[in-house]
Trainee: 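Below is the structure I would like to discuss, written out as structure tokens.
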Amino acid sequence: MLTAALTLSANIQATETEPIIGKSHITLANDRLTPEALWAMGRIGGMVVSPDAHHIAYTVSYYSVEQNKSHTVICCMQPDGSDNKQLTTGKDNETSPAFSADGQHIYFLSDAGGTQQVWEMDLEGNNRRQISSSEKDIEGFLFSPDGTKVILICQVDDYTAIEKPYDDLPKATGMVIKDYNFKHWDHYVTTIPHLFLAQYDGHHILDAHDIMEGEPYECPMQPFGGTEQVCWSPDSKHIAYSSRKRTGLAYAVSTDSDIYCYDIETGKTNNLCKPDDYEEPAIDPTRSMAKQVVNLQKGDFNVGYDTRPQYSPDGKHIAWLSMARNGYESDRNRLCILHIESGNKQYVTETFESGVDDYCWSADNKTLYFTGVWHARSGIYKTNLKGKTTAVTGGDFDYASIAVCGKQLIAMRHSLSAPDDIYRIIPKKDGADVLALTHENEHILSQIKMGEVKERWVKTSDGKQELCWVVYPPHFDPAKKYPALLFCEGGPQSPVSQFWSYRWNLQIMAANDYIIIAPNRRGLPGFGMEWLESVSGDYSGQCMQDYLSAIDDLCKEPYVDADRLGCVGASFGGYSVYYLAGHHEKRFKCFIAHDGIFNTQQQYLETEEMWFANWDLGGAPWRMGITANSDNGMQINDGQKCNPYLTSPHLYVDRWDTPILCIHGEKDYRILSSQGQSAFNAAILRGLPAELLLYPDENHWVLKPQNGILWQRTFFRWLDRWLKQ
């Protein structure tokens, strides 16, 4: 539990044992992007606008390959980008800036005292003091609009799925597991985050108590949730938050989260998404929600993901993101508006045929700005309370993390050729004026020549059109012939937009003299719901043909060497690589699969979020008609499009004839490392050249600097071996 009495501490000056990690002033040997240059770049994180719209605070994370870790600092600037200064200069990580109600102070998280606590400083970074003192790390905080209260996010013990250890066996490492959800993302679940409400007297955070005490439910929802899932009412009397109030197997098979409103005066919590007499329908945990005959859509209630609540400035409405269907993680995120007095709900982004990713209210209480993907670009849009939606921005960019700052907007923006910077957007009737406020990596980017990025529309095997991005090498010479790479996206419903990645970076592939084609194949958002949903239950169907259509179309160009093609991808992209390895008809000379599904039958019983496996794989293998049969092994008894179990990549290993590199993290509990190890073993047993890059300390991603450099070096060494020699 949190301690009720908090202590005040002065600035803490720890002994510096190694250099403070800060901005790198790397000098490149030439104008090509390298792994070292990627890891030298500062990464802009969260940003916040002061209540008076006079300042913007944001974080930047710097990485040291030598020290194999990062350091996060806080910066502050005026809304026009002037007077930009770094406020934190010590060795401690300082994150999550938030302004005081009067805009004159910045609250933030710092680990200076050993545990992560809430601190305060002025706008110059001076007069720093610790204002919270808890037994555990504070993972997030949110001050009330009147400045007298604060929500703290801390972990609490939870032994719902894993039995509590015996006190007299402190060195025992075994776990007695009793239910599903015993593991999630990259850890075993013995704690969950809860919301604590505390008082703030202007000097100390005091009297924290758990507003979810006794509830075995998490808030924010894991694995990626933060303070965006919690908000204050403008009068500081209510707290709205999102939570999926389920445990064990029920948690694992459902995406049905709700928005709850906690009344500070009464201590009562009200569900804003469902009536009090709502009865949960019986759900078969081994079947896809899409196939279950349950009347989930009847009535004025929400049964899918409901997240990210925000009150309107006048407190009369509350908005949140809402998915319509239970069990479908990639359903379209709609913007739902609840009129608090009447209880009426409306959806105001129905004319936008894609999902809402982020949003904010304008000061007039009538307009909401939001970001969403359309045709492989994430733009800013606006809607009124009647659902009239119009575009605000254009161009080949991705916008994110949108906020109102007076009469203008502040947002993050990146592209396939540039990492995040903060931009000012002034909406106009015919578009917007856009100005870069930060130039975090200009000193590095100015040394690099990026490859040209072109949009290419490809005719698919069923006569439709798919948008592909093609990235060319810097100093591209059309008179030469280049090896080419097919990039297979993950998700399977993640967009191939104008994304910037520090690992799957298309520009660094181009810098190594490869031409890359990245198709928005079937299953990706931004092209309507029919296009998006066609991948579910059909992993090996049309989306695989879309990949082949893209690489075949690129090979029509005289500068592409069709005899030197590679195929690479992660997650569902890794599945795609494993599947295409048995179906590519000798198109490719090498493959690279990271954290991919190799055996779909194995995956169903290994993964932790069962709603995902049920929806996208169609349910349990035995529910899909797959049975043991003495005559023909496995058979299918229904009319599935391309049954994902009967077309699992591992069943086509006898067709594998091409070198393959498998990469996997052993802390990946979404797709266990047994999948990558099995694929590698299969290739070796087939007598094929193969390598396995296995990370004992990484999850579904690669987060440590030296592991990241190793990833890039191994990646390009493998490609060069088979495509350049």
Side-chain angles (χ1 to χ4, degrees), residues 1-18 20-22 45-48 50-51 55 57-62 69-76 85-156 191 193-211 220 226-227 230 232 236:
M1 294 179 59
L2 294 178
T3 56
L6 306 181
T7 59
L8 184 66
S9 67
N11 292 345
I12 297 174
Q13 299 294 332
T15 302
E16 305 286 350
T17 58
E18 53 188 1
I20 295 175
I21 301 171
M47 65 174 188
V48 62
S50 63
H55 294 89
Y58 64 97
T59 63
V60 185
S61 294
Y62 299 109
K69 63 182 182 180
S70 64
H71 178 222
T72 301
V73 301
I74 297 172
C75 300
C76 187
K85 50 183 172 292
Q86 181 176 317
L87 301 184
T88 57
T89 57
K91 73 176 186 65
D92 305 298
N93 283 305
E94 296 176 335
T95 63
S96 306
F99 286 94
S100 59
D102 62 7
Q104 298 305 303
H105 295 86
I106 296 176
Y107 305 120
F108 60 98
L109 292 177
S110 175
D111 57 9
T115 59
Q116 188 164 262
Q117 300 297 318
V118 183
W119 286 60
E120 179 190 80
M121 61 183 168
D122 63 27
L123 299 182
E124 298 298 321
N126 300 321
N127 300 311
R128 297 158 51 90
R129 60 191 184 93
Q130 183 179 327
I131 60 175
S132 76
S133 179
S134 71
E135 295 176 348
K136 297 182 179 180
D137 287 338
I138 294 174
E139 298 179 354
F141 66 92
L142 201 63
F143 277 84
S144 60
D146 65 9
T148 65
K149 294 174 283 292
V150 59
I151 300 165
L152 305 175
I153 299 173
C154 288
Q155 294 286 327
V156 298
T191 65
H194 266 199
L195 303 179
F196 290 77
L197 176 61
Q199 304 299 313
Y200 182 56
D201 64 4
H203 301 282
H204 308 93
I205 293 176
L206 303 165
D207 303 325
H209 69 276
D210 186 352
I211 69 171
T227 53
V230 188
W232 284 95
S236 302

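Here, residue 1 is the first one in the sequence, and each next residue gets the next number.
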Trainee: Are Gln117 and Ser134 close enough that a side-chain donor and a side-chain acceptor fall under 3.5 Å?
Mentor: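 On atom types as modelled, these side chains qualify, holding a pair under 3.5 Å.
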Trainee: Does Asp122 reach the main-chain N or O of Asn126 with its side chain, forming a donor-acceptor pair under 3.5 Å?
Mentor: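 Yes; at least one donor-acceptor contact below 3.5 Å.
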Trainee: Heavy atoms only: give me the nearest Ala208-Phe196 pair and the separation to one decimal.
Mentor: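 Distance-wise, the nearest heavy atoms are CB-CB, 4.4 Å.
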Trainee: Who are the side chain to side chain donor-acceptor pair (under 3.5 Å) partners of Gln116, not counting sequence neighbours?
Mentor: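 Once residues adjacent in sequence are excluded, Gln116 has no partner under the side chain to side chain donor-acceptor pair (under 3.5 Å) criterion.
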Trainee: Yes or no on salt bridge (Lys or Arg N to Asp or Glu O under 4.0 Å) for Lys85 and Glu124, after CA distance, side-chain angles and deciding distance?
Mentor: CA-CA 8 Å; Lys85 50 183 172 292; Glu124 298 298 321; 3.7 Å; yes
Trainee: Please name all residues satisfying side chain to side chain donor-acceptor pair (under 3.5 Å) with Thr59, sequence neighbours left out, ordered by chain then number.
Mentor: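 Thr59: no side chain to side chain donor-acceptor pair (under 3.5 Å) contacts found.
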Trainee: Enter the distance from Ile74:CD1 to Tyr58:OH here, rounded to the nearest 0.5 Å.
Mentor: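 Answer for the CD1-OH pair, Ile74 versus Tyr58, is 11.5 Å.
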Trainee: With rounding to the nearest 0.5 angstrom, report the OG to CD1 distance, Ser144 to Ile151.
Mentor: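 CD1 of Ile151 is found 8.5 Å from OG of Ser144.
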Trainee: Grab the two heavy atoms, one from Pro145 and one from Ala101, that are nearest each other, plus how far apart they are.
Mentor: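 Residues Pro145 and Ala101, closest heavy atoms: O-CB, 3.4 Å.
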Trainee: Within the side chain of Ser236, is there an N or O that forms a donor-acceptor pair under 3.5 Å with the backbone of Asp146?
Mentor: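 The answer is yes, because a donor-acceptor pair under 3.5 Å joins these two groups.
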Trainee: How many angstroms lie between atom OG1 of Thr148 and atom CD of Gln199, to the nearest 0.5 angstrom?
Mentor: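 Taking OG1 in Thr148 and CD in Gln199, the distance rounds to 6.5 Å.
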Trainee: Distance from Asn93 atom CG to Ser70 atom OG, nearest 0.5 Å?
Mentor: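 The CG atom of Asn93 sits 5.5 Å away from the OG atom of Ser70.
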Trainee: At their closest point, which heavy atom of Pro220 faces which heavy atom of Gly226, and how far apart are they?
Mentor: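 Of all heavy-atom pairs spanning Pro220 and Gly226, the closest is CG-O, 3.4 Å.
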Trainee: For the residue pair Cys75 and Val60, establish whether any side-chain heavy-atom pair is separated by less than 4.5 Å.
Mentor: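 Counting from C-beta outward, Cys75 and Val60 do come under 4.5 Å.
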Trainee: Are side-chain heavy atoms of His71 and Ile20 found at a separation under 4.5 Å?
Mentor: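 Yes, close enough: below the 4.5 Å cut-off.
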Trainee: Do Phe141 and Ser96 come within less than 4.5 Å of each other through their side chains, counting heavy atoms only?
Mentor: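 SC-SC contact between Phe141 and Ser96 confirmed.
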Trainee: How long is the span from the CE atom in Met121 to the OG atom in Ser110, to the nearest 0.5 Å?
Mentor: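 Rounded to the nearest 0.5 Å, the CE-OG separation comes to 9.5 Å.
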Trainee: Does the side chain of Glu94 reach to within under 4.5 Å of the side chain of Val73, using non-hydrogen atoms?
Mentor: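 Result no, sub-4.5 Å side-chain heavy-atom pair not found.
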Trainee: What I'd like to find out is whether the side chain of Phe108 reaches to under 4.5 Å of the side chain of Val118, using heavy atoms alone.
Mentor: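 No; the side chains remain at least 4.5 Å from each other.
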Trainee: Are Asp210 and His194 close enough that some pair of their side-chain heavy atoms sits under 4.5 Å apart?
Mentor: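 Counting from C-beta outward, Asp210 and His194 do come under 4.5 Å.
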Trainee: Hey, are the side chains of Leu123 and His55 touching, using non-hydrogen atoms and a 4.5 Å cut-off?
Mentor: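 Heavy-atom side-chain distance check passes, below 4.5 Å.
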Trainee: Determine whether Thr227 and Ile153 make a side-chain contact, defined as any pair of heavy atoms from C-beta on separated by less than 4.5 Å.
Mentor: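 Contact flag for Thr227/Ile153 side chains = yes.
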Trainee: With no hydrogens and no angle check, is any side-chain donor or acceptor of Asp111 less than 3.5 Å from a backbone partner on Asp92?
Mentor: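 Such a contact is absent between Asp111 side chain and Asp92 backbone.
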Trainee: Evaluate the criterion side-chain contact (heavy atoms from CB on, under 4.5 Å) for residue pair Leu109 and Trp119; output intermediate values, then yes/no.
Mentor: CA-CA 6 Å; Leu109 292 177; Trp119 286 60; over 6 Å; no
Trainee: Which heavy-atom pair separates Pro97 from Val48 by the least distance, and what is that distance?
Mentor: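 Looks like O-CG1, 3.3 Å.
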Trainee: I need the full list of side chain to side chain donor-acceptor pair (under 3.5 Å) pairs touching residues 98-108, with sequence neighbours left out, sorted by first then second residue.
Mentor: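 Of all non-adjacent pairs touching residues 98-108, those that pass side chain to side chain donor-acceptor pair (under 3.5 Å) are Ser100-Asp102.
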Trainee: Checking side-chain contact (heavy atoms from CB on, under 4.5 Å) for the pair His204/Gln130: CA distance, chi angles, key distance, verdict?
Mentor: CA-CA 8 Å; His204 308 93; Gln130 183 179 327; over 6 Å; no
Trainee: Is there a donor-acceptor pair closer than 3.5 Å between any side-chain N or O of Arg128 and the backbone N or O of Thr88?
Mentor: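 Answer holds: no.
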Trainee: Any side-chain to backbone donor/acceptor pair from Asp137 onto Thr115? Under 3.5 Å, distance only.
Mentor: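 Answer holds: no.
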Trainee: Please find the pair of heavy atoms, one from Gly147 and one from Tyr200, that lie closest to each other, and give the distance.
Mentor: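 Smallest heavy-atom distance, with atoms named: O-CD2, 3.5 Å.
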Trainee: Give the C-alpha distance, both sets of side-chain angles, the deciding distance and a yes or no for side-chain contact (heavy atoms from CB on, under 4.5 Å) between Val150 and Leu142.
Mentor: CA-CA 5 Å; Val150 59; Leu142 201 63; 5.8 Å; no
